[in-house]
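Worksheet: one structure, shown below.
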Amino acid sequence: MSFDLSARLAARRADNLYRQRPLLETPQGPEVVVDGKPLLAFCNNDYLGLANHPEVIAAWKAGAERWGVGGGASHLVIGHSTPHHELEEALAELTGRPRALLFSTGYMANLGAVTALVGQGDTVLEDRLNHASLLDAGQLSGARFSRYLHNDAESLCLRIARSSKKEPEGNTLVVTDGVFSMDGDLADLPTLAATCKNAGAWLMVDDAHGFGPLGANGGGIVEHYGLSMEDVPVLVGTLGKAFGTAGAFVAGSQELIETLVQFARPYIYTTSQPPALACATLQALKLLRTEHWRREHLNALIQQFRRGAEAIGLELMDSFTPIQPILIGDAGRAVRLSQMLRERGLMVTAIRPPTVPAGSARLRVTLSAAHSEVQVQQLLNALAECWPLMEAADA
Ligand SMILES: *Cc1c(COP(=O)(O)O)cnc(C)c1O
C-alpha cells in the first residue's frame, strides 16, 4: 500500500498531538456524562445556556410538526421556507443591517463570503490568529493572501500598502475574528475599521463568540463598540455557540446579500438547514436579546473565575469574555493538567497546535450562564490542588 497512514498517526501520537473524540452521553450543560463518567464541564460554547433550554426545544418540536424535518432542497430551488425567511429578518434586525443570509454552518458562511467577494487579482489580509475556516477561505479564494500580526493595525497597514502596489486594480478584504476563539480577546475593531476606511478596504468580522455575551442586547462586538455598517460592511455570526442551535449568517447591505445569493457557492450548492431548526433559533434569539440576566450572571462568573485563577498563580489571557484560557505552553503539560482535572471530576479540554501556535498549548476554560458560582468555585478548588502538583512534577 502506498499510503503510510500508520506512520502518520504514530508521529501525531509521538508529538502529543493525537486527537480523540470524547463521547458525550447527555445533553450539553455543566453536568455531563462523558465516556461513562459524570463530569462538571467547562469547555462548550453554549455561553448563555440555551442549547438545552425547554422553550428552544419546544420551538423545535412545534417547528417539526408544522414544517417537517428536512429542508428538502437548496435555497434557490425550493428549500427556502418561511421559518428561514423569518429568521433572516430577525437576524437583520439584531444586527441593525438591511439584510442577513442564513448558512448551514459557520465554516460555510466564511468560505462563501470570502470566496464570493475576492478572487484572483484581489487581496485578502487576515489576522494570524483567525479561525481556521477564515484562513481556509482566504487560501481557497485565489486572492493574494497574507496574514498580519495579531490585532496589529500597523502590521495591517504595511500589508495594505504592499497589496496596493502588487494588485493596484484589485479589491482588498481585511478579515478578523471579533472575539478570538482560542484567546478570548477582542479585535481592536475601531482601529481596524478606521484603517480599512482610509485604505478603501472592506472589513469582514466573524463574531462567532461575540453574539450573545457581548453588547447590551447580545448584538456582539459591533454593538459593544457601537460600530456601523460603514465600519464593518461584512458581519458574520454563528448560531451553534451562544444561540445554542446550529447554522450561521452573514449580515450587511442589500447588495452584499444579493451578491452572496448569486455567487457564494457554499450557499448555493447545499440543502437548506431543517426549517424546524430555524424555528428553534428564532426562540433562542428571543431569549438571547431579552434575558439580560444571562449576560449579567455570566459576567459575574467571569470576574469570579479571573480573581480566583490569579490568586492561584495561573497565567490567564487578556480576556473579559467567557473564553478564559489558562496558558500552559507545552502540549504534553496541557494534556497532563487536563487529565488531572478529569480525575477530580472536571472536564476542560487541552487545546494544542495546530489549533493554536506552537508552544502555546492551553486549557480553554469556557464559562456559561448555565454554570453556578458553586460550580466555578469547584473548578477553582481543583485547579488550586492540581497546579502545585504539576509544578512539582516538572521540577
Ligand atoms: C466555531 C467557529 C466557526 C465555525 O462555525 P460552525 O457553525 O461551527 O461551523 C467560525 N468562526 C469562528 C470564529 C468560530 O469559532
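As the structure lists them, so they are numbered: ligands from 1, and atoms in each ligand from 1.
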When distances are taken from atom 11 (N) of ligand 1, the protein heavy atom at minimum range is Asp206 OD2, 2.5 Å
Tell me, please: is Ser133 in heavy-atom contact with ligand 1, that is, under 4.0 Å? yes
Judged by modelled atom types alone, do Thr355 and Arg19 share a side-chain donor-acceptor pair under 3.5 Å? yes
Which of the atoms in ligand 1, numbered in the order shown and given with their element, are less than 4.0 Å from a heavy-atom of Asn110? 10 (C), 11 (N)
Could you check which of Met108, Lys241, His209 puts a non-hydrogen atom nearest to atom 1 (C) of ligand 1? Lys241
For the residue pair Arg159 / Ser163, report whether a side-chain donor-acceptor contact shorter than 3.5 Å exists. no
With a 3.5 Å cut-off and no angle check, do the side chains of Gln28 and Asn44 form a donor-acceptor pair? yes
Looking only at side-chain N and O atoms, does Ser228 offer a donor or acceptor that is under 3.5 Å from a partner on Asp231? yes
For residues Val179 and Val205: do they belong to one hydrophobic cluster (side chain heavy atoms under 4.5 Å, members Ile, Leu, Val, Met, Phe, Trp, Tyr)? yes
Is it true that Asp15 and Arg352 make a salt bridge, defined as a side-chain N closer than 4.0 Å to a carboxylate O? no
Atom 5 (O) of ligand 1 - nearest protein heavy atom and its distance: Gly106 CA, 3.3 Å
Nearest non-hydrogen contact with atom 4 (C) of ligand 1 belongs to which option: Phe103, Tyr107, Phe243? Tyr107
Ser181 heavy atoms within 4.0 Å reach ligand 1 at atoms 15 (O)
Is it the side chain (CB and beyond), the backbone, both or neither of Thr105 that lies under 4.0 Å from ligand 1, heavy atoms counted? both
Side chain or backbone of Asn130 under 4.0 Å from ligand 1, or both, or neither, by non-hydrogen atoms? neither
What I want to know is whether Thr238 and ligand 1 share at least one N or O pair that is separated by under 3.5 angstrom. no
Just say parallel, tilted or perpendicular for the rings of Phe249 and Phe211, cut-offs at 30° and 60°. perpendicular
